[in-house]
Amino acid sequence: MIIVNYIASVFLIVLGLYTVCTKKNLIKIVLGLGITDYGINLLIVSIGFNPGGTAPVYYLADLLNGVAPNFFVDPVPQALTLTSIVIGACVDAMALALVIMINRKYKSVDADEIRRLNG
């Protein structure tokens with residue numbers, strides 16, 4: 001089951017990079033960056049997942065009896081992914097705001113046309 005996550009994350013990363021590299025519409029480029037971000041988040045969470053793992057919480061009774069579980073799900077990738085989701089949403093919002101400003105100034109969202117207008 002975890003292999004499906006790896007395949008899906010690689011697919012999302014490749015799809016996002018393909019969109020960024022081949023499309024000329026600035027809105028599609030920003031969407032491609034978002035898709036790449038989602039793929040990377042899925043990869044990070046999949047790396048930190050342990051099938052059958054428990055939450056990384058120690059109970060006092062377990063510690064006193066010496067029966068502390070050893071098999072935890074790693075919480076660090078989950079925390080990094082949560083931070084990455086917030087940062088990715090802010091970056092996407094800022095990039096779309098820049099696209100709106102470019103559209104107001106140049107009346108186009110085509111990267112080649114805007115590049116020709118600058119000289």
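No hydrogens, no waters, no symmetry mates; every other heavy atom, side chains included, goes into these values.
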Option among Val45, Ile40, Val86, Val76 that satisfies the side chain to side chain contact (heavy atoms under 4.5 Å, CB included) test with Thr81: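 Output: one option passes, namely Val45.
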When rounded to the nearest 0.5 angstrom, what distance separates NZ in Lys105 from CG in Asn103?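 Output value for this atom pair is 13.0 Å.
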Determine, using the 4.5 Å side-chain heavy-atom cutoff (strictly less than), whether [X] and [Y] are members of one ILVMFWY cluster.
X: Leu17; Y: Val14; answer: no
X: Leu12; Y: Phe49; answer: no
X: Val99; Y: Tyr106; answer: yes
X: Phe11; Y: Ile35; answer: yes
X: Ile7; Y: Tyr18; answer: no

Contact summary for [X] and [Y], nearest pair of heavy atoms:
X: Ala8; Y: Leu42; result: CB-CD2, 3.9 Å
X: Asp92; Y: Gly34; result: OD2-CA, 3.9 Å
X: Ile114; Y: Ser108; result: CD1-O, 3.4 Å
X: Ser9; Y: Gly39; result: CB-O, 3.4 Å
X: Val73; Y: Gln78; result: CG1-NE2, 3.4 Å

Working for side chain to side chain contact (heavy atoms under 4.5 Å, CB included), residues Ile47 and Tyr6: CA-CA 9 Å; Ile47 289 171; Tyr6 289 126; 4.1 Å; yes
So, do Lys23 and Leu31 sit near enough that their side-chain heavy atoms are less than 4.5 Å apart?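 Heavy-atom side-chain distance check fails, nothing below 4.5 Å.
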Has the side chain of Asn25 got a donor or acceptor atom that lies under 3.5 Å from a matching backbone atom of Asp110?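 Side chain of Asn25 to backbone of Asp110: no pair is present.
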Quick check: does any side chain N or O of Ser84 sit under 3.5 Å from a backbone N or O of Leu80, one acting as donor and the other as acceptor?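 Not at all, since once roles are kept as given, no pair shorter than 3.5 Å links the two residues.
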Working note: Val91 + Asp37, criterion side chain to side chain contact (heavy atoms under 4.5 Å, CB included); need CA distance, chi angles, decisive distance, verdict. CA-CA 10 Å; Val91 167; Asp37 187 36; over 6 Å; no
Please step through side chain to side chain contact (heavy atoms under 4.5 Å, CB included) for the pair Ile102 and Val109, ending with a clear verdict. CA-CA 7 Å; Ile102 288 171; Val109 291; 5.9 Å; no
Please name all residues satisfying side chain to side chain contact (heavy atoms under 4.5 Å, CB included) with Leu33, sequence neighbours left out, ordered by chain then number.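 Result, side chain to side chain contact (heavy atoms under 4.5 Å, CB included) vs Leu33: Val20.
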Ile85/Asn41 under side chain to side chain contact (heavy atoms under 4.5 Å, CB included): CA gap, chis, key distance, verdict: CA-CA 8 Å; Ile85 289 169; Asn41 289 338; 3.5 Å; yes
